[in-house]
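Computed from a prediction, not measured in an experiment: that's the story for all the values here.
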Amino acid sequence: MTSSSLNYPLLSIPAYYIFSIIPHVYASSILSSAGYNLNNANPKASLSPVAVKGKVPDEVFQRYQRAENAQSNNIEQLPLYATAVLASIIAERVTARGLGNAAVGDDATGLAFFICAFMAVRAAYIVSYINIADHSKSFIRSMFWATGAALSGYQIYKAAALLG
């Protein structure tokens, strides 16, 4: 199989999953930098807020929690994103030349733009979630969340419209 035969939009789904884990890795690293020892024999328990609170400075604890929450929210967005990508691939393939035939260079649903825009919005979401501690500015993060969800919803709508 040559690289030109790969379906890159389909590969964006596991890529997004890997991307989603970045805030968790960051959360673990800031705890380690603050002297907290992760117990890899029971990592979920040792990374729970109850286990961490009071063992690192409060600023580090708050940042760790925001990073973990960003990671959780990324995973929560994965089904919607995957549905949007799969629906678009199916719609483009079915309507191109009939079921089972590949679309020839046609991006009828704007899938490539959607993937790039979604990833950019989610990256901005992660950065804003981790860095914004002020309630009055936290709505910036909410705007990025809503934009990402809306992009996925609109992409599903475009696929549904193409399928008729």
Exercise for review: Could you tell me whether the side chains of Thr109 and Gln155 share a donor-acceptor contact shorter than 3.5 Å?
Suggested key: yes
Could you tell me whether the side chain of [Y] reaches within less than 4.5 Å of the side chain of [X], counting heavy atoms only?
X	Y	answer
Ser88	Lys158	no
Lys53	Asp58	yes
Ser12	Val85	yes
Glu68	Asn73	no
Tyr36	Val60	no
Asn37	Leu31	no
Val56	Tyr64	no

Counting distance only, does the side-chain N/O of [X] pair as donor-acceptor with the main-chain N or O of [Y] below 3.5 Å?
X	Y	result
Gln77	Gly148	no
Ser48	Ala45	yes
Lys55	Ala51	yes

Practice item. Kindly state whether the ring of Phe114 and the ring of Tyr154 have centres lying under 6.0 angstrom apart. Key: no
**Study point:** side-chain contact (heavy atoms from CB on, under 4.5 Å) involving Ala117 - partner list, sequence neighbours excluded
**Key:** Phe113, Leu151
Point to revise | For Ile130, side-chain contact (heavy atoms from CB on, under 4.5 Å) partners two or more places apart | key: Pro23, Tyr26, Arg63, Ala67, Ile126
Point to revise | CA sep, side-chain torsions, deciding dist, call: Leu47, His24, side-chain contact (heavy atoms from CB on, under 4.5 Å) | key: CA-CA 10 Å; Leu47 282 174; His24 174 69; 3.5 Å; yes
Exercise for review: Report yes or no: is the cationic atom of Arg141 (NZ for Lys, CZ for Arg) closer than 6.0 Å to the six-membered ring centre of Phe144, at no more than 45° off its axis?
Suggested key: no
Review point. When you look at Arg93 and Asn7, which way does the side-chain contact (heavy atoms from CB on, under 4.5 Å) test go after all the steps?
Key: CA-CA 12 Å; Arg93 296 295 191 257; Asn7 185 307; 3.1 Å; yes
Review point. Would the number of heavy atoms belonging to other residues, nucleotides or ligands and lying under 6.0 Å from CD of Gln62 be above 12?
Key: yes
Practice item. Name the orientation class of the two ring planes belonging to Tyr16 and Tyr81 (parallel below 30°, tilted from 30 to 60°, perpendicular beyond 60°). Key: tilted
